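Every value quoted in this text rests on a predicted model; they were computed, and no experiment measured them. Whatever order the structure lists them in is the order used to number ligands and atoms, beginning at 1.
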Amino acid sequence: MKRRIGILTSGGDCPGLNATIRGVAKACYERFGDDVEIVGIQNGYYGLMNNMCKEMQQSDFSGILTRGGTIFGTKRTPFKMMKVVEEDNLDKVKAMKQTYKKQKLDCLLTLGGNGTHKTANLLSEEGLNVIGLPKTIDNDIWGTSVTFGFHTAVDIATDVIDRLHTTATSHNRILVVEIMGNKAGWLTLYSGIAGGADIIVIPEIPYDIDKLAQACTKRAENGKGFSILAVAEGAFDVNEAKMKKKERAKSRADAGITTASTRIAKQIEAATGCETRVCVPGHMLRGGSPSAYDRVLATKFGVRAAQLIAEDKYGFAVAMINETVSENKLIDVAGKTKFVPADDQMVQTARDIGISFGD
Ligand code: F6P
């Protein structure tokens with residue numbers, strides 16, 4: 001039985017996308033031999049809408065294990081716009097289904113985060129054979145303990161915090177490092193602990209600026225003239241926690257403050273009198289080669305996707321469940337976010353070594 005497999009990567013790039021693509025391809029060629037054809041879909045769902053497809057050869061998947069980004073290119077095509085007809089008059093869902101048919105695909109593999117999984121589920125409900133693979137440095141996909149890209153980003157963010165210690169200690173400064181993660185604080189939590197941050201601020205635990213300042217002052221009183229704050233991009237304070245998202249955005253815009261780190265740094269400096277600096281590594285956290293951990297994880301996930309194809313098991317998202325590679329139904333994953341629970345063991349671990357969350 002011949003199988004023709006379409007693969008796309010959607011949403012923000014991250015380390016491990018190519019390693020996963022390679023894992024899928026290698027496992028498929030190994031399993032199905034000449035009975036498999038792989039079609040690379042360029043630029044995510046946008047490419048699927050616009051039939052931007054490339055017939056892949058086995059050799060195309062060689063030498064990509066260590067390469068960052070994605071060989072297929074990626075694009076953000078928000079789920080909320082999938083059923084909206086815009087200026088180009090394109091019925092997006094219909095166009096994606098047409099490409100699937102035109103390319104004579106037997107199945108579609110979608111590598112991406114929460115938005116990608118929502119659209120994957122939509123296409124599955126529309127009758128396409130879809131398998132999702134969990135990618136994101138945010139580690140916030142429901143139903144999987146880990147996503148590929150996360151551990152590499154933890155390593156990079158940890159290295160940033162390590163390096164900031166030099167200036168923080170030499171100058172007796174407060175350093176605020178802003179870590180990506182708009183909704184979930186996993187990356188900040190893990191890299192904060194690994195990098196020895198003194199304070200960790202995540203969206204799941206709204207902070208009180210006075211408590212953050214007190215934590216810095218207490219350290220100074222104990223002879224530590226510097227403090228390092230690992231702050232998630234999406235952090236907000238206890239007052240903002242009472243606001244709706246739009247209201248929060250407006251109040252920030254009115255105050256002329258753009259990022260969580262600048263907001264916190266200004267207030268901390270004013271409250272403590274200690275010289276404070278900000279560091280925003282931004283997309284560096286998503287750049288470069290995947291770590292050994294992510295290469296292994298990506299390979300395991302890719303192999304599982306090939307097994308699902310062999311079993312004709314579609315409408316699933318590959319996942320790590322109880323340390324075993326498995327899968328969840330796409331419909332169960334779509335539309336949910338895996339937040340850091342307030343009583344998460346890692347939060348408690350941090351608290352137990354004196355890290356403040358500003359609550
Ligand atoms: O979802 C991954 C992520 O890196 C988030 O942590 C971050 O908020 C967002 O993507 C940034 O997106 P973009 O690269 O589109 O600016």
Side-chain angles (χ1 to χ4, degrees), residues 8-20 43-47 68-70 72-81 110-120 132-144 146-161 176-192 195 200-204 230-236 240 245 248-249 252 257-264 278-291 294 297-298 317 333-340:
L8 63 79
T9 54
S10 180
D13 70 332
C14 84
L17 279 165
N18 288 328
T20 307
N43 304 327
Y45 291 118
Y46 178 83
T70 158
F72 296 143
T74 187
K75 198 170 165 66
R76 288 199 187 275
T77 38
F79 173 74
K80 65 175 182 210
M81 299 307 286
T110 61
L111 283 61
N114 282 322
T116 304
H117 278 70
K118 281 197 262 184
T119 301
L133 286 130
K135 162 242 71 160
T136 170
I137 64 163
D138 296 346
N139 195 32
D140 61 352
I141 297 181
W142 183 90
T144 183
V146 68
T147 56
F148 60 85
F150 173 62
H151 275 277
T152 307
V154 170
D155 289 349
I156 300 169
T158 301
D159 186 46
V160 170
I161 300 172
V176 182
V177 55
E178 182 172 305
I179 313 281
M180 274 189 170
N182 225 334
K183 290 186 182 152
W186 294 107
L187 184 52
T188 307
L189 178 61
Y190 274 69
S191 58
I200 293 176
V201 186
I202 58 175
E204 292 88 342
V231 173
E233 183 188 18
F236 45 80
E240 289 179 315
K245 205 174 159 193
R248 200 152 61 215
R252 287 174 185 176
I257 298 165
T258 49
T259 66
S261 51
T262 45
R263 205 162 58 238
I264 288 176
V278 165
C279 169
V280 185
H283 290 85
M284 272 195 278
L285 300 173
R286 284 187 357 209
S289 189
S291 64
D294 270 333
L297 183 69
V333 175
K336 291 184 195 153
T337 303
K338 184 184 72 180
F339 295 107
V340 177

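In this structure, Trp186 CH2 and Glu204 CD are separated by 7.5 Å, a value rounded to the nearest 0.5 Å. With values rounded to the nearest 0.5 angstrom, His117 atom NE2 is found 8.5 Å from Leu111 atom CG. Note that CG of Asn139 is 10.5 Å distant from CG of Leu189, once rounded to the nearest 0.5 Å.
Phe72 is linked by a ring-ring contact (aromatic ring centres under 6.0 Å, His included) to nothing, counting only residues two or more places apart in sequence or in another chain. For Asp159, the side-chain hydrogen bond (donor to acceptor under 3.5 Å, both in side chains) criterion is met by Arg163, not counting sequence neighbours.
Contacts of Ile137 with ligand 1, taken as heavy-atom pairs under 4.0 Å, involve the side chain alone.
Atom 9 (C) of ligand 1 has its nearest heavy-atom neighbour, among Lys135, Glu233, Arg76, in Arg76. Of the candidates Thr74, Asp138, Asn114, Asp138 brings a heavy atom nearest to atom 5 (C) of ligand 1.
Set against the non-hydrogen atoms of His283, the atoms of ligand 1 under 4.0 Å away are 13 (P), 14 (O), 16 (O).
At least one heavy atom of Gly181 sits closer than 4.0 Å to an atom of ligand 1.
Taking atom 3 (C) of ligand 1 as the reference point, the nearest protein heavy-atom neighbour is Arg286 NH1, 3.5 Å.
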